[in-house]
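Note on naming: letters A, B, ... go to the chains in the order of the sequence lines (proteins, then strands), and numbering restarts at 1 for each one. Just so it is clear, the model here is predicted, and its values are computed rather than measured. Worth knowing before you read on, the calculation uses all heavy atoms, side chains too, and leaves out hydrogens, waters and symmetry mates.
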Amino acid sequence: MNFDPMKIPWSLLGLFIVFCIGMFIRGFVPKITARVGKRIGIRIYQPWFDYVKNFSIQTSITHGYMFYLGPVFRLTGGIGMVLFMPLIHGSWYFSNFAFAGDMVLFLYLMFFGTLGMALGAGESGHPYSAIGVARGLAQVTVAEIPLVLAMLAVAAQHHTLSISQIVAAQQGGIAHWTMVTNPVATATGMLALLGSMMNSPFNVVLAPQEIPIGPPTEYHGTFLGILTTNRSIFPMAKIIFFMNIFFGGATNWAILILKGWLIYMWPVIVGVVFPRFRVDQSIRWFLKVPLLLGILAVALV
Amino acid sequence: MINPILIIAIALGTAFSLGLLKKLGRELSFAITLIALAAMAFISAQWLSAFLTYNMLGPVVTTAGGRAPFVIVLQMGHMEALFTLLINVMGVMGAFYLHDRLTENGNGAMAVLLAGIMGLNGIILTGDIFNLFVFLEIASIATAGLVLLVTDFKSLTAGFKYMLASGLISGLFLLGIIFLYNTTGTLNIRELLIAVPGTIKAGSVASFLVMMAILLEMKPFPANGWGIDLYSGAPAGVSALIASASATAAYFVLIKLLPLGGTVAYKIAAAVGITTFVASNLVALSQRSATKLLGYSSIGQMGLVVGIYGLNYHLGSKAFLIIFSLLGTHYLAKAGLFWLSGIVQSTEIDKWSALRKSPVLFVLFGIFVFALMGFPPFPSFFGKWELIMGLVASKLYWWAGAILLGTMFEGIYLFRWFSRALKLDNQELAKPRSTIYTFVPPLVFAILLFPAGYYTSTYTGGIGIMGFAPLLFIMLIGFLDFLPAYIKNILSIAGVAAYSWYLWPHVQGNTFKIVFAGIFMGGALLALFAGFYRRGKHLGFYPTTLLMFLGLGILVDASNLMELFYGWELMTIGSYFLLIRGERSLPHGYSYLLFSLGGSLAMMFGFGLAHASAGTIELSALNHIHVLPALAYSLMLVGFMTKTASLGFHIWLPGAHGEAVADIHFMASAVLLKAGVFGIILVLSGMGNSEPYARNILLVLGWIGALTALIGNIGAAFQESAKYLLAWSSIGQLGYIVFGLATMTHLGWLAAYGYTITHFLYKGILFLIIGGIAFRVGTADMYKMGGLIKRMPFSFLAVLISIITLAGIPPLVGFTGKWIFYNMIVSEHMFYQGLVVIISGIVAFLYLFRLIHVIFLGQLKDKNRRVKEVYPWLLIPAYAMLIGVMVLSMFPNTLLGPLGRMLSTAFPKGALHWDGYTASTAYGTFNMPIIMAVIGSTFAVVFLWLLLANRRAVKVKQFNIFYSGEAPSRPELTHFGYNFFAHYKKAVGFMAVPLVTRFWDQVSEGLHALAGYGRAIYTGNAQSYLFHIVGFVVAIYLITMGGLS
Amino acid sequence: MTHIALAGGALLILIGVWGMLTKKNIIRIIIGFSLFDTGLHVVLVGLGHLKNRTAPIIDSDLPREAAASRVVDPVPQAIVLTAIVIGLAVTAVLLAFALKLYQSRKTLDISELREGNND
Amino acid sequence: MVKKAFAFTLILGMGLLFYQLYRQRSTSTDLNKTARYYVENGPKETGSANVVTSVVVTYRGLDTLGEVTILFVAASIIGFFLKNQRNRKLEGAPGETSELLHTGSVFLVPLIFLLGVYVFVNGHLSPGGGFQGGAIIASGTVLLFLADPSIGAGRGVIHVLESFSGMLYVGLAVAGLFLAGGFLDNRIMPLGHFGTLLSAGAIPVIYSLIGLKVGAELSSILYALKDAKE
């Protein structure tokens, strides 16, 4: 498959839609958690206001060129993930650049932004950013285990690593979804998702209470604007990925939004129910049930 | 031709006349003694040269004008000429060395020496068994006399024990002789040998006694306590004589008389010899006295040649070549070591570090030790090779195994000694005193080892002139060591370039060889270029570096197994000296050498099986071995895996590499480890994966690779030192490669090759830069750095790109490797091993982030505020490799295309399909230029956006951070770097428990305990030694002859 | 004669070895060695003896022609001569050692005449 | 006790070995071919009436040269080994010796020396020879020492004799290479009339040299041991 310049505007459109969905969810979810906690919570459109505010702030400081580049890396990673993800099944317009890569690309591109961000924050010299990164990395090494196993199981099941082809293989009703055809892999994958969505019990990485400052504080204004852009895109990319490989993908935007929202709610719900783990606890947890499930998943293929 | 009997006449005439010459002064007497010995040597030499020039039979010289067998005859043949030459040369050198002692003790002492050497000549020349007994007695009594050149209690007891023991032994000998005469009616050895089958019945006790006596003269285990005490108690120069001249003569007696005992004698000699070799080397393990070690080693070596003689019928025409090469090496090296022990004047091996104060002597020490251990280019290398080939070809596996085991033991203590001498502090030790008399003999013998090696190789074949010629260049560099480093650097680069020019036509057209030749030679050039950053002389660096690269070159160039092994061993020596240069490298360099040695021995056995199977040592012998194939391939793999530092054999690496400086670290990690990969590829190509045993081996190998990757990466995450971190990381990376190869699939091998090359590049960058930083900052501990991005931006950029590559993050080339792995894992259903490999890849993020963050980011320390950027000499090669990384990232097909084509011949199935820049397998696809373009343009757009929106960004000071309203002032307090992954350690620290290290420690302890038990028999009491001798005779008598009466 | 010589020689050898193996005093050990050596010489000569024969010296009683059937084997006799001298030399050197050892440690006990604990 | 038991076991083992050794010996009642050759050809070839002497000095002359060497080596060793003590010789006053011994020695020593000379000069004719003669001479030396422990005279003579006789011996041996059939060939001199003193070629000369040498070596050993006494 060759590169077609017309892909560019369509991909940008898809990206924008994903961004909007992300912005919406980022307003909606805090609202829900607040309500669960018997609080009123923010307005749903609050993220948009914040967004505008961030880009309007006049003062800006930098600690060095890596500090400057950190957010760029971050956002590039997030956007890249969306750009290589087929959003809508069967649609040439919203299949983006999925032909240039597969699940493996997606998996490793995830780290592109993380790494850049970590480095940028690192240059600020703030110890807490380094602590946060250390925690995140430690946790992700084990959270990836079930994810990788689930992916391998699915890829082996469908005889392909290509996300588009996996989606294609699941068409024709819910009975063809991986969720049904390979429930163990799906369960494994969903447990892995918990580890990367920065919700309780796995959010000690950010630890909003204990570490009230850190990257988002050192990064302010425009930098923060770039980062919040990413926070709307990056989780959505992940969610869409899960949707594509486990839940049959989406044939139109409505389904995408619905499924995306449902998947997004899974870690949120778990997060409000369960208390937070320390990093070493979460590592041990991932090495128990999710690991066993994952091994079962590949063993069953 | 000069009558050989004049050897005896000259010696005796001189000895007797010395009494009259007392008045003329001792110096003159000494000169006369030397002249006499030289004349004796000359006679032997001219006979030997005659034998070598004309293929003639040696004369039988009768005495007394009578005819054989009724008069005593002397025989001068090839062997006799050679052996007497050895003895007489040793006589000259030994006397020269003993100058001070001899002149101090007077003409009597010189006469004793002359008589002793005469006796040894007589032993060799005589054709009469009783005459032989007489000469033996002369030699032994003279030996006891020479021991007394220094009369302290030690030499007194040593001499006394020796006299008692040899008295007892020669009594047995005499008893045997007289009964032999009684049954055969002759004393002429030739007649006796003819008479043996006819007259002497099987199980003749007389011949048994003769045989026991000659075996006991070789100091067999355990009846050899007197021998060990003699070696350690005698003055150094005398021990040298005993070890070289006496032992050589005694060995000749064995050659001459063993046939008297019939076939059983050979069996006994083989068993006794090899047992002695293994046991005395084992016992020596717990020994700390240099002279005792030398004693054990001498006894062991002689045991080995005795054993080989016992087995010589199995070794065919090569038997004597093997014997001569081993005996010759022992002769030269052991004499040299004993001589050195006299110069050092301390028996404590740890005190030998004083020898470093005389670098030339130390070099000699090294030459002797490595020659003894059978490293190239010394004769014993060829001898040991032929020995193992021969034994294995004759299916004498247990014998070969025992010999290798004994060699390993010997290596343990010799290398411990050498390493400690090389590294231990010698500040407070006095410089060893050497005079012209004590200096020349070891020098001559060390130099002789080289032509001896070359000469031996002309008989074994296998190694061409290019195995030796470059060594001359390296020696030249060694002689020029007094020059400043940059001059030697230029010369070395020229040398490597010349060698590469020579190598190119040999590898052209062979992708496999091009890849490795490129890594080895390219690595050499880059490393040497980086070497320009050094000031001063950098003593000893260039010869050893070049030696290592020469070894690697020969490895690639090898057309047969022997060349391969030759290159491998050269590389081992060179790399050992490089790795042990670090400040605290002593234990690590030592364990590196031991693992290498063990690996080499295993490999040699494996090659032996290959040779036995194919009947040739061409590289094709590795294909489809059918003699014990599982063992053969496993041993070879184990051998090569000691260099790739795979799990179980990895414990040497972190320390050895972690203590090395920048350019050495680069060579050791980025280049050297690939030699193991080269070997594994060769072995696996030969093995294939069709046989059931092959599949089992591959399964194990795959798990080793995967677990190595995991353990290596987890280990790296917990290091505080950047260099140790990189070292552990190398272990992990090599684990991927081994895993890839073990899959025996197209994709697996593609990935392995890809990793081999890219690891060279990105790791090369990291080693050079991190090493350079450590050099600038003065420590490799990361938490002591921090914030260096401000001072070293170029370094940061290079490190950033290499860690992105290493981590496999798109769009750089490292991703290609990961992608291939995933495809392979899914298509081959290798989920479990694959999972471990993938997880270790993710674990790599831990240490990579730590590496770059703790060094470059965070807070800049006060003392580093003025630190300079890394030397351009290091940056330039690093950036050169960076360009390589970028090119490969953009166009991975330039690399993977040719590799794929090469692999398709071996693995036609599952190849990577290329469509333009799109690579695809049955499962996945990727198009690197598009990925690069998408990510690149996104990055550019976002960056521009940020620039636009953030024009007014102001650069702020270091401490301008939000810190609970406080202004931090001490960077140490806000730099998070120490014990970075504490939580991770808490959770998975059990993976980093050094179980393997503990295992090897316990092996070592066990061996030492065993050695301790063995040593308990050597009480130092002369009477116990007599017990051992009588017991030895009686025991062997009962075992072998008891049932025959 | 021969039997007695051989048996006696063997006995001397065994006694000598016994002495070397069990006596504490080094002088006694050397005596043991001497006995051992002497036993060897006895065996040597005894082995060369032939019944009812005389010494191999040609004189008026023993014409050359008859010698071969009337003399004993001359070879062991020649050999034993050499062996005796060698034994003498060895014993002399051993005694010299004993002397020196005694001088340096003032003891003749062999178990005390060793350096340190031998390492 | 354990040690003795061990030793006893080993002795038993050796006894067994001897038993077997003896059982395997040749019980022929004839001379073997080597001995026969010596007896039949020795007198003719060497001119020595004493066959043993012809074997010792000629046929197996190299053994004898070696054996002289051993004595020489032993003497040299003991010489330089015990040398250190020489200086202390005078410290302890030599004990008084009996007048009888002293007078007797003056009378006996020359006779003993003479006897020794007789024995080695006649070595080729009668039982005896260089070693025996040398030993007798040495016994004379012992007598001298007993009579006068502090005696130091004659050491020089002994050394000269030691070296000189040795050199001559080797010289004669080498002369055999050029003048006769080989090293140590006694026929460098005319064989003379069988059975007389001046017969057997160089044998009497060599045997005399051996006698002198042995006597000198033994005396020198005795000297060294004597001086080593405290």
Notebook entry, point to check: Is it the side chain or the backbone of B/A807 that comes within 4.5 Å of chain A heavy atoms, both, or neither?
Noted result: backbone
Notebook entry, point to check: Looking at A/A156, A/S124, A/S11, A/G80, which one has more heavy-atom pairs under 4.5 Å with chain B than the rest?
Noted result: A/A156
Note to self: Taking every non-hydrogen pair under 4.5 Å, which of B/F856, B/F821, B/F849, B/F796 racks up the most with chain A?
What the structure shows: B/F849
Check: Most heavy-atom pairs under 4.5 angstrom with chain A, which of B/L947, B/L797, B/V941?
Finding: B/L947
Margin query: Is the shortest side-chain heavy-atom distance between A/L109 and B/F815 below 4.5 Å?
Written below: no
Next item on the list: Kindly compute the distance separating OG1 (A/T76) from CD1 (B/I935), expressed to the nearest 0.5 Å.
Entry: 8.5 Å
Notebook entry, point to check: Can you say whether A/L83 sits under 4.5 Å from chain B via the side chain, the backbone, both, or neither, judging by heavy atoms?
Noted result: side chain
Next item on the list: Report the option among A/F112, A/Y68, A/F55, A/F223 that has the most heavy-atom pairs separated by less than 4.5 Å from atoms of chain B.
Entry: A/Y68
Check: So which part of B/P929 gets closer than 4.5 Å to some heavy atom of chain A, the side chain, the backbone, both or neither?
Finding: neither
Next item on the list: Starting from the C-alpha separation in whole Å, work towards a yes-or-no answer on side-chain contact (heavy atoms from CB on, under 4.5 Å) for B/Y832 and A/I295.
Entry: CA-CA 8 Å; B/Y832 307 112; A/I295 289 174; 3.8 Å; yes
Check: Hey, does the side chain of A/S162 reach the backbone of B/G924 with a donor-acceptor pair shorter than 3.5 angstrom?
Finding: no
Notebook entry, point to check: Looking at B/K790, B/M928, B/Q958, which one has more heavy-atom pairs under 4.5 Å with chain A than the rest?
Noted result: B/K790
Checklist line | Heavy-atom pairs under 4.5 Å with chain A, option from B/H829, B/H975, B/Q859, B/R850 with the top count | finding: B/Q859
Checklist line | Most chain A-contacting option - heavy-atom pairs closer than 4.5 Å, from B/F939, B/Y984, B/F926 | finding: B/F939
Check: Do the non-hydrogen side-chain atoms of B/L857 and A/F67 ever get within less than 4.5 Å of each other?
Finding: no
Next item on the list: Find the distance between CD1 (B/I809) and CG (A/L115) and round it off to the nearest 0.5 Å.
Entry: 5.0 Å
Note to self: Contact between B/I789 and A/E123 at the side-chain level, heavy atoms closer than 4.5 Å - yes or no?
What the structure shows: yes
Margin query: Which one wins on heavy-atom pair count under 4.5 Å against chain A: B/V954, B/I825, B/T938?
Written below: B/V954
Item checked: Straight-line distance of B/I838 CD1 to A/I145 CD1, nearest 0.5 Å -> 10.5 Å
Margin query: Keeping A/D280 on the side-chain end and B/H983 on the backbone end, is there a donor-acceptor pair under 3.5 Å?
Written below: no
Next item on the list: Test A/Y128 against B/F976 for side-chain contact (heavy atoms from CB on, under 4.5 Å), laying out the working first.
Entry: CA-CA 8 Å; A/Y128 288 163; B/F976 180 60; over 6 Å; no
Check: Is B/P810 close to A/F84 at the side-chain level, that is, under 4.5 Å between some pair of heavy atoms?
Finding: no
Checklist line | Inter-residue atom distance A/L119.CG - B/I804.CD1, 0.5 Å rounding | finding: 7.5 Å
Check: Mind checking whether A/T141 and B/I839 have side chains closer than 4.5 Å, heavy atoms only?
Finding: no
Check: Given the options A/L105, A/V148, A/I57, A/I226, which has more heavy-atom pairs under 4.5 Å with chain B than any of the others?
Finding: A/L105
Item checked: Between A/T114, A/V140, A/I8, A/V133, the one whose heavy-atom pairs under 4.5 Å with chain B are most numerous -> A/V133
Check: Taking side chain as C-beta onward, heavy atoms only, is B/L835 less than 4.5 Å from A/V298?
Finding: no
Check: In Å and rounded to the nearest 0.5 Å, what is the NE2 to NZ distance from A/H63 to B/K955?
Finding: 9.5 Å
Next item on the list: Classify the angle between the aromatic ring planes of A/F111 and B/F845 as parallel (below 30°), tilted (30 to 60°) or perpendicular (above 60°).
Entry: tilted
Next item on the list: For residues B/W819 and A/D102, determine if any side-chain heavy atom of one lies less than 4.5 Å from a side-chain heavy atom of the other.
Entry: yes
Notebook entry, point to check: What distance separates A/M103 CE from B/N823 CG, expressed to the nearest 0.5 Å?
Noted result: 9.5 Å
Checklist line | Derivation and outcome, side-chain contact (heavy atoms from CB on, under 4.5 Å), residues A/F97 and B/I931 | finding: CA-CA 8 Å; A/F97 299 99; B/I931 294 173; over 6 Å; no
Next item on the list: Would you indicate whether the side-chain heavy atoms of A/L75 and B/L946 approach each other to under 4.5 Å?
Entry: no
Next item on the list: Please lay out, stage by stage, how A/L107 and B/Y822 fare under the test side-chain contact (heavy atoms from CB on, under 4.5 Å).
Entry: CA-CA 11 Å; A/L107 193 66; B/Y822 270 85; 3.0 Å; yes
Check: For A/L137, which of B/I842, B/L846, B/L848, B/V843 qualifies under side chain to side chain contact (heavy atoms under 4.5 Å, CB included)?
Finding: B/L846
Item checked: A/F73 portion near chain B, given a 4.5 angstrom heavy-atom threshold -> both
Item checked: Most contacts with chain B, counted as non-hydrogen pairs under 4.5 angstrom, among A/A155, A/A100, A/G221 -> A/A100
Notebook entry, point to check: Between B/A919 and chain A, which part of the residue has a heavy atom less than 4.5 Å away: side chain, backbone, both or neither?
Noted result: neither
